[in-house]
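Every chain is numbered from 1 and lettered A, B, ... according to where its sequence line falls, protein lines coming before strand lines.
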Amino acid sequence: MSDLLNGLNEAQRLAAETTEGPVMVMAGAGSGKTRVLTYRIAHLINDLGVMPYNILAVTFTNKAANEMKERISKLVDADIQRMWVATFHSICCRILRRDISHLEGFKSSFTILDEEDSVKEIKETIKEMGLSTDEYKPKNVKCEISSFKNDMKSKFDDTTTEQIYFAYERRLKEENLLDFDDLILKTIELFEAFPDVLHKYQDIFTYLMIDEFQDTNTYQYKLVKMLGEKTRNIFIVGDQDQSIYSFRGARIENINKFQRDFKDTKVIMLEQNYRSTQNILDIANRVIDNNGSRFKKNLFTDSKDGIKPIFNKLNNAYGEACYVSDEIKRLMEMGYSYKDFAVIYRSNYISRNFEDVLLRQGIPYTIYGGLSFFARKEVKDILAYIRLIIDYDDSFSFKRIVNEPKRKIGPALIKRLEDCARENNCSLFKAIDLIDRGGQGYNSLLDFKFTIIELEEYLSSEEHKMNEIVDFIINRTGYKAMLKAEGDEGEERLKNVEELTTVLIETDEMYEGTRKEKLMQMLQEIALRTDADTKREGDDVVKLMTYHQAKGLEYKVVFLVAFEEGVFPSSMASFSERDIEEERRICYVGITRARERLYITCASERMVFGRTNSMFESRFLKEIGKESLEDKTVIPKKVFAQSNTKKPFVPGKASDVVETKRTNTTDISIGDKVNHKAFGDGTVVAVNGDVITVAFGEAFGVKKLLANHPSIRRL
DNA sequence: TCTCCATGAGTTTTT
DNA sequence: CTCATGGAGA
C-alpha cells in the first residue's frame with residue numbers, strides 16, 4: 001500500500017481506509033472532511049484498483065464537485081473524467097437524459113426550468129384554468145407545490161391548489177419540461193417503475209459517497225438508499241450542527257435513519273479542527289451548546305488561542321459598513337490581502353450598505369448571490385434563441401423570444417397560435433403555417449419564422465466559428481439594436497450577452513461532436529449551473545455573502561454583520577424553538593468560517609422597508625457571552641446595558657423612540673466647517689440625528705455622512 | 001400594441 | 001426604499 005494516507009490524522013485515516021460497508025463520519029466544522037473524501041477516493045483508485053467510473057460522489061454544490069475533482073486528479077494517475085462527482089440534481093439530470101424515455105411520455109431532450117420559468121408556467125396554468133392570479137398567487141402556489149414535491153407537506157391545503165398542481169404537471173409533460181424538484185422525483189419514479197434500470201446503476205456505482213449528508217431531504221435519502229442497497233458501500237459525511245437547509249426540506253433525522261436502515265454502520269468522529277484558533281472555536285462551541293436536541297461533540301484544536309474575537313455596535317447600518325471597511329484597510333496595512341476577508345450576513349438585502357461603502361472606499365469586492373449570470377433576462381433570451389434554432393418544436397423558448405425584441409406579436413396572436421397548435425397537436429412554430437393568414441402581426445410572424453430558419457442555416461454550416469454565433473443572432477434579430485437603444489443599462493446587458501460568447505468558446509472545447517451537438521449538451525447542463533460555480537475564486541477581492549453561501553468556505557478574517565434581533569435570528573424564524581435552533585446552527589456555521597480573526601457587529605438602528613427601526617442585539621450575542629468578545633463599542637455603556645435588558649424590538653413602542661433619540665447626539669450643527677479624509681473641506685448644510693449632510697464643493701458634491709465617523713473632524 | 005405612470009407588495013436562506 | 005405589475009391612454 002502506498003503512503004498516500006500518511007498526511008491524515010488517525011480518525012481521518014480510519015475513515016479513508018474503511019471502504020467496505022456503510023460508514024458514517026460525523027465531521028465537525030474544519031475537521032478536514034473534504035480532505036478525507038478526496039483521499040478516500042484517491043485511495044480507492046490508487047491502492048485498491050477501483051475504476052473511477054464505479055465511484056459516485058455527491059456534493060452539495062457544483063463548485064464543491066469541481067474542486068473535489070481537481071483535488072483528486074492531483075492525487076491519482078487514472079483518468080477521472082468519467083467519475084461521477086456532482087450534486088444530486090446534476091446526477092439525476094444525467095441519469096434522466098439517458099433513461100427518462102422509459103417513462104411514458106417523457107423525452108430525453110427535456111428542458112430544465114429554473115425558478116423563474118416554473119413560476120411563469122404556473123402563472124399561465126392558473127390563467128388557463130380561469131382562476132384569479134390574485135387569489136392564487138403563482139409564487140405561493142409554486143412554493144406549495146415545491147413543498148409537496150420535497151415531502152414538506154403530504155397533501156395540499158385546498159383542492160384548487162391541488163388541481164393547479166395536476167394541470168401544471170400535465171403542462172410540463174406536454175411541453176417537455178422538468179422543474180428542479182422533478183429531477184430527483186422522476187429519477188425515483190424511473191427506478192421504481194423499472195428495476196432493471198435501477199440495477200444497471202447499482203452495478204455501476206459500487207462506491208457511494210455523500211457529502212453534507214445532514215442537508216439531504218427525504219427523496220434524496222431515498223435515492224441514496226436505492227442506489228446503495230446492493231453493494232452497501234455507502235459513505236456519508238455530515239455534521240448535524242451544520243444543517244441549515246430545512247426550509248428546503250432537509251432532514252437532520254436522515255442521520256439517525258441511516259443508522260437504523262443500515263444497522264452495521266461504522267461511526268467515525270472527526271473532532272479535531274484545523275481551521276480556527278481556540279478563541280474562535282470556544283464561542284462556536286458555546287453557541288451550539290444551546291441547542292438541546294443534539295449529540296454532544298466538542299471541537300478542539302492544537303492551534304493557539306489567537307486574537308480575541310471583536311464585537312462592535314455602531315449607530316446605524318452605514319456606520320457598521322464604515323467600521324468594517326476601516327478595519328479591512330487597517331488589516332491590509334498589517335499584511336492581509338483582500339481575498340482574506342469575508343463579510344457574512346443573514347439575508348441579501350443587508351449587503352447594500354457594504355457595497356456602497358466598499359465601492360466608495362475603493363476596496364475591490366464581489367457579491368455572491370443576486371441574479372446569477374444564467375438567470376439574467378438577456379442571457380436567457382439569447383439561449384432561448386439558440387434552443388429554438390436547434391429545435392423548432394421548443395415552444396417554451398418560442399414564446400420567450402417571439403416578441404423579444406418587439407415585433408408586434410402580442411398575446412392575442414400567441415393565443416391564436418396556441419389554439420391552433422393544440423388542435424393540430426403540433427408545435428407553435430409549425431402552427432405558423434396552419435393559422436389563418438392575415439390579421440395583426442401575421443406578417444411579422446412570418447418574418448420571425450424566416451429569421452429563425454436563416455439563423456439555423458448559419459448555425460449548421462460549420463464554416464462559421466462558434467464565437468461568431470451570438471454576434472450573428474443579436475445582429476440579425478435586432479436584439480442588439482434594442483439594447484443599444486436602451487442607453488447605459490442596455491450597454492451593461494449587451495456586455496452580458498457578449499460574455500455568452502466566452503461560454504460558447506468553452507463549449508466548443510469541452511464537448512465532442514458537431515456544432516449542434518455541442519450546443520445541445522451545453523444547453524442541457526446550463527440550468528444547473530449557478531453563479532457560485534462560475535465565480536473565480538482566485539480573485540484578490542473581499543467577498544460578500546450569506547451564511548448559506550459561506551458554508552464549506554473559510555477565510556482568515558470574517559465579519560459577521562447585522563447581529564440584530566429580526567435580522568439574525570431572522571424575524572421569519574422567531575416563532576418556534578425548532579426555527580431558532582436552525583438559526584443557531586447558521587450562527588455556528590458563520591463563526592466557524594473564520595481562521596484567524598472574527599468580528600461581530602450590529603447597528604442600533606437600521607433602515608428596513610424605507611423606515612428607520614431601532615434594533616436590539618441578537619440573542620446569540622448573549623449566548624456567545626460578551627466576556628469572550630473584545631467590545632469596541634464607543635457609545636456609552638449604560639445605553640447598552642439598558643437595551644440588553646429590554647424585550648426585542650416591537651414597532652411603535654414608546655421606549656424605542658427614547659432609545660433612538662439618545663443615540664442621536666452630535667455636536668456638529670448646520671453651518672459648521674468640517675474636514676473629511678477623502679472629500680476634503682466642506683460645509684454642513686443639514687443635520688438629521690447623527691447623519692449630517694455636507695456640501696464639499698464641485699469635485700465631490702453633497703454627501704450624507706455619519707457625524708461621528710472617524711474620517712470626519714470639525715474645523 | 002406599446003409606453004408611461006401609479007400603486008402596491010415585499011426581503012430568509014437555494015439546488 | 002425598490003421592484004414589479006397592471007391599468008389607462010396613444
Side-chain angles (χ1 to χ4, degrees), chain A residues 58-65 86-93 112-116 118-120 123 132-134 137-140 142-143 146 149-150 178-185 212 215-217 219-220 242-250 317 344-353 368-372 374-375 377 403-414 439-441 444 482 485 525 527-533 545-551 562 566-575 579-580 582-583 585-587 589-590 606-613:
Chain A
V58 185
T59 58
F60 196 67
T61 61
N62 291 309
K63 189 172 142 212
T87 61
F88 276 109
H89 294 267
S90 305
I91 286 163
C92 289
C93 179
I112 303 165
L113 297 182
D114 66 14
E115 195 65 24
E116 187 202 2
S118 51
V119 172
K120 227 162 84 186
K123 189 174 178 184
S132 140
T133 48
D134 282 336
K137 294 206 162 54
K139 245 193 183 153
N140 294 346
K142 160 75 199 168
C143 196
S146 198
K149 287 186 170 185
N150 284 291
L178 294 183
D179 66 22
F180 271 125
D181 303 323
D182 286 337
L183 292 173
I184 313 287
L185 293 182
E212 306 280 9
D215 282 319
T216 51
N217 68 23
Y219 296 116
Q220 289 165 346
Q242 293 189 68
S243 171
I244 57 174
Y245 280 92
S246 72
F247 68 92
R248 204 167 90 182
I344 303 178
Y345 34 79
R346 179 66 233 272
S347 50
N348 283 306
Y349 76 95
I350 297 292
S351 71
R352 285 205 195 132
N353 288 300
Y368 282 65
L371 259 201
S372 107
F374 294 106
K377 181 182 181 304
N403 202 28
E404 200 69 49
K406 302 280 175 272
R407 301 187 176 90
K408 298 186 193 302
I409 300 169
L413 189 49
I414 303 285
Q440 268 269 17
S444 317
M482 176 186 82
E525 282 170 26
L528 298 169
R529 272 170 82 162
T530 59
D531 221 25
D533 312 329
M545 64 184 88
T546 64
Y547 287 94
H548 288 82
Q549 288 156 346
K551 189 158 122 168
V567 180
F568 188 40
S570 160
S571 53
M572 312 296 278
S574 303
F575 306 109
D579 288 345
I580 288 298
E582 174 134 329
E583 296 287 307
R585 289 192 292 270
I586 294 172
C587 185
V589 168
R606 179 177 301 276
M607 280 256 259
V608 184
F609 280 128
R611 301 179 70 98
T612 302
N613 288 335

By nearest-heavy-atom nucleotide on DNA chain B, the more 5' of A:Lys406 and A:Ile586 is A:Lys406
For the side chain of A:Ala412, starting at C-beta, report the closest nucleotide among B:dT12, C:dT2, B:dT1.
B:dT1
So, taking the atom named SG in A:Cys92 and the one named CD in A:Gln220, what distance separates them when rounded to the nearest 0.5 Å?
8.0 Å
I need the A:Ser246 OG to A:Asp579 CG distance, nearest 0.5 Å.
7.0 Å
Going by the rule ring-ring contact (aromatic ring centres under 6.0 Å, His included), which residues pair with A:Tyr345 if we only count those two or more places apart in sequence or in a different chain?
none
Counting only distance, no hydrogens or angles, is the base of B:dT13 paired donor-acceptor with the side chain of A:Arg346 under 3.5 Å?
yes
Phosphate OP1/OP2 of B:dT14: any A:Thr546 side-chain N/O under 4.0 Å
yes
From the candidates B:dT15, B:dT13, B:dT1, the one with an atom nearest any side-chain atom of A:Phe247 is B:dT13
Test: A:Arg585 and A:Glu583 ion pair at under 4.0 Å:
no
Between B:dT14 atom P and A:Lys63 atom NZ, what is the distance in whole Å?
13 Å
Nearest to the side chain of A:Glu115, which nucleotide is it out of B:dT13, B:dT15, B:dT1?
B:dT15
Counting C-beta onward and ignoring hydrogens, is there a side-chain heavy-atom pair between A:Ile112 and A:His89 closer than 4.5 Å?
no
Nearest-Å distance, CG (A:Asp182) to P (B:dT15)?
18 Å
Of the listed B:dC2, B:dT15, C:dC1, the closest approach to the A:Asn403 side chain comes from B:dC2
Got a sec, which residues hit salt bridge (Lys or Arg N to Asp or Glu O under 4.0 Å) with A:Lys551, two or more places apart in sequence or on another chain?
A:Glu212, A:Asp215
Can you measure A:Lys139 atom NZ to B:dT14 atom P for me and round it to whole angstrom units?
14 Å
When the distance from CG of A:Asp215 to P of B:dT15 is rounded to whole Å, what number comes out?
12 Å
Please report the distance, rounded to the nearest Å, between CE in A:Met607 and P in C:dC1.
6 Å
A:Arg352 vs A:Thr87, nearer the 5' end of DNA chain B by closest nucleotide:
A:Arg352
note: A:Leu178, atom CG; B:dT15, atom P; distance rounded to Å ~ 19 Å
A:Met545 versus A:Ala550, closest heavy-atom pair with distance
SD-CA, 3.5 Å
A:Phe180 on top of B:dT15's base, within under 5.5 Å and under 30°?
yes
Taking only the side-chain nitrogens and oxygens of A:Gln549, find out if one of them lies under 4.0 Å from OP1 or OP2 of B:dT14.
yes
Taking CD from A:Glu582 and C1' from B:dT14, how many angstroms apart are they, rounded to a whole number?
13 Å
Minimum heavy-atom distance A:Val567-A:Tyr349, with the two atoms named
CG2-OH, 3.9 Å
Would you indicate which nucleotide in C:dC1, B:dT12, B:dT15 comes nearest to any side-chain atom of A:Ser347?
B:dT12
If only side-chain N and O atoms of A:Asn348 are considered, is one of them under 4.0 Å from the OP1 or OP2 phosphate oxygen of B:dT13?
yes
Could you tell me how far C:dA4 sits from B:dT13 if I compare only their P atoms? Round to whole Å.
16 Å
Could you please name the option among C:dT2, B:dT15, B:dT13 that lies closest to any side-chain atom of A:His89?
B:dT15
Could you check whether any side-chain heavy atom of A:His548 comes within less than 4.5 Å of a side-chain heavy atom of A:Arg346, counting everything from C-beta outward?
yes
Ranking C:dT2, B:dT14, B:dT12 by distance to the side chain of A:Met572, first place goes to B:dT12
Base, sugar-phosphate or nothing for A:Phe88? Non-hydrogen atoms, less than 4.0 Å.
nothing
Sub-3.5 Å pairs of nitrogen or oxygen atoms, protein against nucleotides 4-10 of chain C:
none

Measure from CG on A:Asp179 to C1' on B:dT15 and round the result to the nearest Å.
12 Å
